[in-house]
Amino acid sequence: MAAEPMMLEVKDLSLAYGRRIVAEHISMTVGARECVALVGANGAGKSTVLKSMVGIHPQGGGSISYLGRDVTGWSSAAAVRSGVTLCPEGRHLFPGMSVRDNLLLGSVKTGASRAETRARLSEIEDLFPVLSERKNQLAGTLSGGQQQMVAIGRALMSGPSLLILDEPSLGLAPLLVERVFDIVTTILKKGCAVLIAEQNVQATLAIANRAYVMEAGRIVASGEASQLRTDPALLSAFMGIDAGS
Ligand SMILES: Nc1ncnc2c1ncn2[C@@H]1O[C@H](COP(=O)(O)OP(=O)(O)OP(=O)(O)O)[C@@H](O)[C@H]1O
Ligand SMILES: [Mg+2]
């Protein structure tokens with residue numbers, strides 16, 4: 001029997017800002033229902049890699065395939081329509097719009113019918129009851145944690161098969177960090193694959209199946225998350241963190 005194609009496979013990506021190359025020889029895969037972590041120090045190139053996967057940052061070279069189909073150079077609209085959605089670092093909400101309208105923006109151009117949009121909205125409001133309570137409140141007046149819920153909810157409104165999360169716990173208080181990881185676990189249980197970049201390395205490796213470690217624009221290690229998690233030399237060499245933290 002032929003092996004199922006990987007959900008997402010990038011091969012030998014190279015990425016630049018102008019003439020400055022910030023990532024090279026990036027190859028990675030995400031399988032169906034898998035949780036894959038991308039970790040590394042500040043400025044390693046994680047966000048640029050994630051943005052390139054969904055057509056927000058141009059690819060200088062290399063290829064991307066999705067469910068066995070070559071999608072190299074696809075647009076962000078094509079990625080979302082196909083089921084690959086990025087929840088960006090820094091949330092990028094519309095602060096002067098209501099919570100409900102920010103969420104609804106996530107379903108624009110996805111081809112979802114009104115009934116599907118209503119069903120997704122109700123599923124997301126079940127996942128984040130506070131967003132239902134505050135549906136008419138302006139997004140910019142919410143706390144940081146609530147704004148992160150809106151950002152994740154908006155990404156889920158597109159009905160993704162692969163959710164890419166860039167630093168979802170950044171700047172949140174410890175209790176809210178835990179809540180974000182609980183939410184990611186719930187999303188995984190619903191069958192959605194997750195690719196997650198996070199500074200919170202230990203908590204991320206605890207929920208991930210596999211992980212890639214980036215340093216200065218290269219992937220320098222990869223493997224089972226459970227093994228990387230207990231590799232103090234690796235964690236301190238590439239991320240400057242104490243493996244016990
Ligand atoms: N808009 C930009 N223009 C020019 N250079 C940029 C831009 N955005 C990022 N860079 C540079 O590209 C490199 C990779 O940045 P990137 O944001 O992808 O890293 P990161 O691993 O996500 O970092 P962080 O942990 O801070 O989120 C860094 O050297 C950064 O300074
Ligand atoms: Mg980043």
Side-chain angles (χ1 to χ4, degrees), residues 8 10-30 35-62 64 72-76 79 84-93 144-145 147-152 154-155 160 162-174 176-177 180-181 183-184 194-208 210-223 225 228-229 234-243 245:
L8 191 76
V10 304
K11 279 192 192 149
D12 209 21
L13 279 189
S14 66
L15 306 165
Y17 287 97
R19 292 161 80 171
R20 184 176 160 227
I21 294 170
V22 296
E24 272 190 302
H25 305 302
I26 304 295
S27 295
M28 46 194 296
T29 58
V30 183
C35 180
V36 175
L38 179 60
V39 297
N42 285 120
K46 306 178 295 296
S47 294
T48 310
V49 166
L50 298 185
K51 285 191 268 189
S52 75
M53 288 175 174
V54 295
I56 293 174
H57 188 90
Q59 295 160 44
I64 303 184
T72 307
W74 63 355
S75 66
S76 52
V84 184
T85 302
L86 172 71
C87 178
E89 181 177 337
R91 302 165 198 145
H92 295 273
L93 299 182
Q147 290 193 21
Q148 187 60 58
M149 315 271 161
V150 178
I152 297 174
R154 180 184 57 189
L162 169 59
L163 176 64
I164 302 181
L165 291 164
D166 194 356
E167 307 282 357
S169 81
L170 192 68
L172 301 184
L176 288 168
V177 171
V180 165
F181 282 99
I183 287 161
V184 177
V194 170
L195 172 60
I196 176 171
E198 258 286 337
Q199 300 287 328
N200 222 317
V201 176
Q202 286 295 355
T204 307
L205 294 181
I207 62 162
R210 289 185 301 115
Y212 294 87
V213 182
M214 269 192 90
E215 188 200 26
R218 303 264 178 153
I219 289 175
V220 291
S222 63
L228 292 175
R229 201 174 169 209
L234 182 96
L235 294 181
S236 68
F238 296 120
M239 285 164 278
I241 63 167
D242 177 351
S245 69

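Read the numbers this way: they start at 1 and go in the same order the structure lists the ligands and their atoms.
The distance from the Mg ion (ligand 2) to the nearest N/O/S atom of Asn42 is not under 2.8 Å.
Considering only non-hydrogen protein atoms, atom 10 (N) of ligand 1 sits nearest to Tyr17 CE1, 3.4 Å. Closest to atom 18 (O) of ligand 1 among all protein heavy atoms lies Thr48 OG1, 2.5 Å.
Residue contacts with ligand 1, taken as heavy atom pairs separated by less than 4.0 Å, involve Val22 solely via side-chain atoms from C-beta onward.
At a 4.0 Å cut-off, not a single heavy atom of Gly40 sits close enough to ligand 1 to count as contact. A heavy-atom separation below 4.0 Å is found between Arg20 and ligand 1. Heavy-atom distances between Met214 and ligand 1 stay at or above 4.0 Å for every pair.
Counting only non-hydrogen atoms, the option in Ala216, Ser47, Ala41, Gly43 that gets closest to atom 23 (O) of ligand 1 is Gly43. Of the listed residues (Gly18, Gly45, Ala16), the one carrying the non-hydrogen atom nearest atom 19 (O) of ligand 1 is Gly45.
Rounding to the nearest 0.5 angstrom, the gap separating the NE2 atom in His57 from the NZ atom in Lys51 is 7.5 Å. The distance from atom CG of Leu170 to atom CD of Glu198, rounded to the nearest 0.5 Å, is 7.5 Å. Here the CD1 atom belonging to Ile219 is positioned 6.5 Å from the CG atom belonging to Leu38, to the nearest 0.5 angstrom.
Screening Ile56, Leu162, Leu163, Leu195 for a side chain to side chain contact (heavy atoms under 4.5 Å, CB included) involving Leu86 leaves a single residue, Ile56.
Residues Asp12 and Ser27 have side chains that never bring a donor and an acceptor to within less than 3.5 angstrom of each other. Side-chain contact check for Arg210 and Thr29: at least one donor-acceptor pair (N or O, by modelled atom type) lies under 3.5 Å.
Not a single donor-acceptor pair under 3.5 Å links the side chain of Arg91 to the backbone N or O of Pro168.
Here the N, O or S atom of Glu89 that is nearest to the Mg ion (ligand 2) is OE1.
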